[in-house]
Every structure is written in C-alpha cells, then in structure tokens.
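Here's the structure we're looking at; comments come further down.
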Amino acid sequence: MMNTFKLNTSTPCSVSSWLLRLSVFLVLSLPDSKGKAIWTAHLNITFQAGNRIISELGESGVFGNHSPLQRVSGAVVLPEGWNQDACNPLTNFSRPEGADSWLALIERGGCTFTHKINVATEKGASGVIIYNYPGTGNKVFPMSHRRTENIVAVMIGNLKGMELWHLIQKGVYVTIIIEVGRIHMPWVSQYVMFFFTFLSATVAYILYCAWRSSMPNSFTRRRRQVKADVKKAIGQLQLRVLKEGDKELDPDEDNCVVCFDTYKPQDVVRILTCKHFFHKTCIDPWLLAHRTCPMCKCEILKT
Ligand SMILES: *[C@@H]1O[C@H](CO)[C@@H](O)[C@H](O)[C@H]1NC(C)=O
Ligand SMILES: *[C@@H]1O[C@H](CO)[C@@H](O)[C@H](O)[C@H]1NC(C)=O
C-alpha cells in the first residue's frame, strides 16, 4: 500500500526530470540549429541638392545570403528604359561619365535574384542594390542568390528604393557607400524564447512537485483520519485490572492469544465489544494494525 502510494507521487516528478534533460539537450543542440545570421548593410547615401551636398547614413539594407560581406561604393545607376527589373539579359545601364565604379539599383521581381544580379555584373556593376516590391514599405529580407559572381548584393526597402529612383530619374548624381553593419541572429531570439518558455515551464513543474510532496494528499489524509478513529475506538473499550480470584486467572482458561502468556493478578486487560479480552499492552498495537478481534474477527470500528 505504502509502496504504490510512493510510486504515484514520484511519477510526475520523473516527467520533470525528463523535461530538464530535454532542455539541456536543446541548449547543446542550439549551434546546430538552422537559421542563418542576417547581416545588415549601412548605406551612406550622398547627393547634391542645389549647392548643398547631402549625406545620409542609415542601416537600411541587408546583405544577400550569398553576398560577400565587404564595403563597396559607387554611383547609383538605373536600368535604361521603363522596365526596372533588369531581367532582360540585354538591359543597359545609363552609367554617368567619370564614375569608375557603379552600383545597379534594380527592382525586385520578374526573374530570380541570381538572374538580375548576373545581368548587372556582366555590365560591369561593382554591387547590386535591389529594392523590394511596391507596398512592402521598408521591409527587407536576406535574398537567396546562388551562382552569382563574387559581387556585393543588398536588399533595401521599397520606400528607400523609390526615393533613390526619383532622385536619379531627376538627374541627381547619387553615390552610395555600402558598409557591413551588424549581425542579427533570428534563430537566437526564437530559440532563446522557446528555451526560456520551456525552462520556466520545467521550473514551475518542479516547484509544483515539491509543493505536492510537502502537502499530504487525500490518501494520507484519509489514512490519518482512520488511524485517529481507531485510536478513539480503542480508548472507549473497557479496561480491567485482574485480581486474585478472577475467573480469568483460572489455569484452565486460555492464555492471551497475542503473547501466549498467562494472565496474572494486576495485569491490565482490555475487553473488546465481542467480550474477548487480552493484555492491554498486547491488544492495543494489534488493534491499531488490524482493527479486528484476533479471536472472532469482529471489527472494533463497527460497534
Ligand atoms: C558618407 O560619405 C560621405 C562621402 O564619402 C562622407 O563625407 C561622410 O563622412 C560619410 N558619412 C558617414 C557618416 O560615414
Ligand atoms: C542596349 O543597348 C544595345 C546597344 O545600344 C541595344 O542593342 C539593346 O537593344 C539595348 N538593350 C535594351 C534592353 O534596350
């Protein structure tokens, strides 16, 4: 009885130790997790407005997944004609004279990133800036562009792209310095979040287990209640001190069936409701454990 009770309370806590082991495993497996680091690109945009040279620096882009991480600079050049996606392999770029290095500013869509980056590279661009679809605000993501030459490719938001496009369309000479920004590891935040959720759940579970084992559960409470009732019932049973001449002392009478000893004068005996009697010191522990008369099995709690 006691054993099964112990087993029952320890089962949920072995679940928690299993959870703990799983968390440790998760921590150890973190470096192998999928999810790439994202490198932001700082764009230092410089152009002339009237007599003034305006220069603005912002962390407004992200490097493509297959782009080398290096600084590149040059005049910003648009594809010729109305189509800005540079998907046509014959796309020309209107390079300003005197610019020794230039960066192609291309719209997303129409063909793969790899395709448009290669078109610009073939025309001699030092880097490619691709701006996102209309309606995406300043959202960016790291592009996938396998099989491109060793050329820097960054993505910028649609709003930023359109801003530059309008300037260049108006004939403003814009130069950009692309610099490597900071690293972002999206998987770190995700996994760390996940892990901490997991850890707090585990800790909560362990605390719950500790609380549970410190609290007597209904089973132990009931056992204690029964024990108290038995003690009370025993206390209510009649006691007698044997004296010389009592018939219980007759040598022909039975011995105490619990200790097999004979009854002697001055012995304290307890008389059960079934009229059977025994040494008090013998019968009390027996009754606590069995609750029945050792002779006739009558239950002391019933009466
Ligand atoms: C941006 O580029 C311009 C021109 O090269 C330079 O003068 C300026 O210091 C740069 N700005 C920053 C913040 O690096
Ligand atoms: C690019 O220029 C070449 C030579 O001037 C011309 O043949 C070609 O059609 C142009 N490409 C586009 C897409 O306009």
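Every number for a ligand or one of its atoms is a count from 1 in the order of the listing. Predicted model, so just to flag it, every value in this text is computed and none were measured. Just so you know, residue 1 is the first one in the sequence shown, and it goes up from there.
Closest non-hydrogen pair, Pro142 versus Asn65, comes out as CB-OD1, 3.6 Å. Here the closest non-hydrogen pair linking Leu272 and Pro294 is CD1-CD, 4.5 Å.
Set against the non-hydrogen atoms of Asn88, the atoms of ligand 2 under 4.0 Å away are 13 (C).
Ligand 1 lies under 4.0 Å from heavy atoms of Asn44, Thr46, Ser55, Leu57, Ile177.
Ring-plane geometry between His145 and His66 is classed as perpendicular, the angle between the planes exceeding 60 degrees on a 0 to 90 degree scale with a lower cut at 30. Ring pair Tyr208/Tyr205 is perpendicular by interplanar angle, where above 60° counts as perpendicular and below 30° as parallel.
For the 3.5 Å distance criterion, the side chains of Asp267 and His279 qualify, holding a donor opposite an acceptor.
For ligand 2, the polar-atom distance check against Thr91 finds no nitrogen or oxygen pair separated by under 3.5 Å.
Remark: Cys87 engages Cys111 in a disulfide (SG to SG under 2.5 Å) (not counting sequence neighbours).
The environment of Tyr173 atom OH is dense: over 12 non-hydrogen atoms of other residues, nucleotides or ligands sit within 6.0 angstrom.
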